[in-house]
Number of protein chains: 2
Amino acid sequence: MNHRVQAFRELLAARGYRVTPQRVGIYEYLVTTDEHPSAEEIYRALQDRYPTMSPATVYKTLDLLVELGLVGELAFGGEVTRYDGQPDLHLNMVCLQCRRILDLPVEGLERVAQVAREKAGFQVLRERHEVYGICPSCQRVNRADPAADDQAHHEAEPSRPLEEHRPQEVG
Amino acid sequence: MNHRVQAFRELLAARGYRVTPQRVGIYEYLVTTDEHPSAEEIYRALQDRYPTMSPATVYKTLDLLVELGLVGELAFGGEVTRYDGQPDLHLNMVCLQCRRILDLPVEGLERVAQVAREKAGFQVLRERHEVYGICPSCQRVNRADPAADDQAHHEAEPSRPLEEHRPQEVG
DNA sequence: TTGCCTGCAAATAGTTTGCACACCT
DNA sequence: AGGTGTGCAAACTATTTGCAGGCAA
């Protein structure tokens with residue numbers, strides 16, 4: 001078993017939470033994957049191992065994990081909330097076209113929370129750093145086929161683009 | 001009229017969007033306030049000036065403003081999406097207790113997007129930096145009345161706390 | 001005059017909640 | 001044994017969407 005999963009079991013116990021198979025399973029899935037799955041994706045992914053687990057349990061567990069500071073919560077307007085099992089402080093790069101989320105370690109990122117603490121006296125418990133734009137892969141596709149800017153179609157296309165608007169080009 | 005509102009009208013026209021009273025009103029409200037209002041708050045706040053304006057229009061306009069990069073979108077899991085009319089790059093400090101959102105300019109914050117561009121080749125269009133925790137005001141209240149940690153009651157309490165969980169204290 | 005934008009109302013869907021039973025401790 | 005956590009289904013509600021008429025250009 002992953003050492004992080006073991007630490008999770010101990011943390012639950014220490015905090016007075018019960019160590020249930022569902023909680024362990026969800027946590028294990030999150031820290032194992034490099035993806036940023038939604039609640040529903042987690043639910044479906046664990047169907048095999050926990051056939052009786054309900055979506056409600058997934059939501060409740062995710063809330064708990066976020067509160068414990070073990071996973072990051074990535075909510076966007078109009079988008080499904082996604083979860084990030086990597087606890088290290090990093091930048092999330094959200095592609096508005098293919099909807100993928102890429103991680104990038106950024107040196108000195110911890111200085112931001114430090115400023116909040118020292119300059120504003122804010123007690124920081126969690127943080128979140130995101131940039132939105134076009135990932136390198138989509139940039140290549142767009143250059144190859146300029147019409148793709150509007151319709152979006154890529155190698156591994158998760159689904160529809162994050163945003164629709166665009167009545168006409170700059171006049 | 002605010003010069004930013006004037007610039008907004010011109011931007012709309014240049015992009016081929018129509019300059020409607022609703023759009024201008026919503027934009028003006030957002031850049032005028034220091035708050036981070038939700039769609040519904042904007043809707044209610046503009047009832048007097050635009051009695052016939054519908055919530056749908058507010059949502060559509062907000063989407064447009066975000067797409068144009070004129071306002072920031074602050075979505076949290078389970079929380080209403082809020083909007084930030086201040087276009088300058090800053091840190092949002094979200095208090096988990098009183099739900100207020102405070103702004104803080106942080107020197108060198110623009111370096112983050114720069115790293116994403118240079119190190120990862122990501123084309124940055126928007127960005128978002130947030131820390132979650134306890135604001136100085138709530139910290140004071142909690143010190144004065146330690147029991148307040150659970151129930152949350154403050155000077156100007158917007159409403160219920162952002163998070164509920166907490167079965168029992170650390171054992 | 002053209003067709004984008006608004007307003008209305010219904011639909012959508014992610015998430016939450018209440019309750020009874022199960023199982024972790 | 002005790003009571004937290006789970007599962008189920010219904011409820012909730014923020015947000016989206018379709019359509020007809022209004023108004024910006």
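In what follows, chains are A, B, ... by sequence order, proteins preceding strands, each numbered from 1.
Looking at heavy-atom distances under 4.0 Å, A/T81 makes contact with sugar-phosphate atoms alone, never a base. No engagement by A/E40 is indicated, since no non-hydrogen atom pair under 4.0 Å with the nucleic acid exists.
Each of A/T20 and A/P55 was matched to the nucleotide of DNA chain C holding its nearest heavy atom; the match closer to the 5' end belongs to A/P55. Between B/S38 and B/V19, the residue anchored nearer the 5' end of DNA chain D, judged by the nucleotide with its closest heavy atom, is B/S38.
Here the nucleotide nearest the side chain of A/A39, chosen from C/dT15, D/dA14, D/dG18, is C/dT15. The B/V80 side chain lies nearest to D/dA14 when the options are D/dA14, C/dG14, D/dC8.
Taking only side-chain nitrogens and oxygens, B/S54 never comes nearer than 4.0 Å to OP1 or OP2 of C/dT6. An OP1 or OP2 oxygen of C/dT16 is reached within less than 4.0 angstrom by no side-chain nitrogen or oxygen of A/Y59. Taking only side-chain nitrogens and oxygens, A/Q22 comes nearer than 4.0 Å to OP1 or OP2 of D/dG7.
A/C95 and A/I134 get closest at one heavy-atom pair: SG-CA, 4.1 Å.
In terms of polar N and O atoms assigned as donor or acceptor, the side chain of A/R18 never comes within less than 3.5 Å of the base of C/dT25 in a complementary pairing.
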>> One pair to check against side chain to side chain donor-acceptor pair (under 3.5 Å): B/Q6 and B/E10. What are the steps and the verdict?
In response: CA-CA 6 Å; B/Q6 182 54 33; B/E10 290 165 9; 3.0 Å; yes
